[in-house]
Amino acid sequence: MTVPFIKDLFFEFEFISQRSRGPGGQNVNKTNSSIQLRWSFLDSQILSEEQKSMIARKLSAIISTENVLYIRSDVHRDQDMNKKEVLQRLQQALIKAFHRPKTRRPTKPTKSSQRKRVETKRHKSEIKKSRQGKWTD
């Protein structure tokens, strides 16, 4: 399943700027450099129902009880950098949500590996049998 582009979903996001908790010294107390992204993904016009259910199932750690996805960044001192950080985190989260592992197809062992396994077992058995003999003095 393909991951939708963030730029296609951009109009559905709500960005909220807040006071930062991160680095910045006294500047943290004066500027709203932290960014919080809120996205009500169930109301999305671009995502299919299957994609919405995959997001709800796999990203439940960052989804509130109101089915709103929250991502916050206060890593950088600059608001624009934090906005880019939030969008990158969202992109990674969507990649994670839409990832489908390859289905495992069972394979049979080769004839040579079967033969080798049996020979190894036979050899180990003979070694153990040779240890069981009575000692003669």
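The list of side chain to side chain donor-acceptor pair (under 3.5 Å) pairs with a residue in residues 113-123, not counting sequence neighbours, reads T110-S113. Under the salt bridge (charged side-chain N to carboxylate O under 4.0 Å, His left out) criterion, no residue pair touches residues 102-114, with sequence neighbours excluded.
Side-chain contact between R38 and I16 is present, with heavy atoms from C-beta onward closer than 4.5 Å.
Distance CD1/I127 to OG/S125: 9.5 Å, rounded to 0.5 Å. Summarising the geometry, atom CE belonging to M54 is positioned 11.5 Å from atom CG belonging to L47; distances are rounded to the nearest 0.5 Å. The distance from the OG atom of S73 to the NZ atom of K84 is 12.5 Å, given to the nearest 0.5 Å. A distance of 7.0 Å separates CG of L90 from CD1 of I62, quoted to the nearest 0.5 Å. Remark: K96 NZ to R89 CZ distance equals 13.5 Å, nearest 0.5 Å. Taking CD1 from I71 and CG from L37, the interatomic distance works out to 5.5 Å, rounded to the nearest 0.5 Å.
At a cut-off of 3.5 Å, with distance as the only test, no side-chain donor of S48 or E50 sits close to an acceptor on the other residue.
Side-chain N or O atoms of N82 include none that pairs as donor or acceptor with a backbone N or O of I35 at under 3.5 Å. Of the possible donor and acceptor atoms, one in the side chain of K58 sits under 3.5 Å from a partner among the backbone N and O of H99. Between the K52 side chain and the S44 main chain, a donor and an acceptor come within less than 3.5 Å of each other.
Residues forming a ring-ring contact (aromatic ring centres under 6.0 Å, His included) with F13 (at least two apart in sequence, or on another chain): W39.
For E14, the CD atom sits in a packed shell: over 12 heavy atoms of surrounding residues, nucleotides or ligands are nearer than 6.0 Å.
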*Determine, step by step, whether V86 and R72 satisfy the side chain to side chain contact (heavy atoms under 4.5 Å, CB included) criterion, reporting the C-alpha distance in whole Å, the side-chain angles of both residues, the deciding distance to 0.1 Å, and the verdict.*
CA-CA 6 Å; V86 163; R72 179 182 174 149; 5.9 Å; no
*Take Q36 and F15 through the test side chain to side chain contact (heavy atoms under 4.5 Å, CB included) and record every step on the way to the result.*
CA-CA 6 Å; Q36 183 179 35; F15 293 100; over 6 Å; no
*Applying side chain to side chain contact (heavy atoms under 4.5 Å, CB included), run through F41 and D43 and close with a yes or a no.*
CA-CA 5 Å; F41 65 95; D43 299 333; over 6 Å; no
*Are L94 and I55 close enough, and set up right, to give a side chain to side chain contact (heavy atoms under 4.5 Å, CB included), and what steps lead you there?*
CA-CA 7 Å; L94 291 178; I55 290 173; 3.7 Å; yes
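Hydrophobic clustering, with ILVMFWY side chains joined whenever heavy atoms are under 4.5 angstrom apart, keeps I46 apart from V68.
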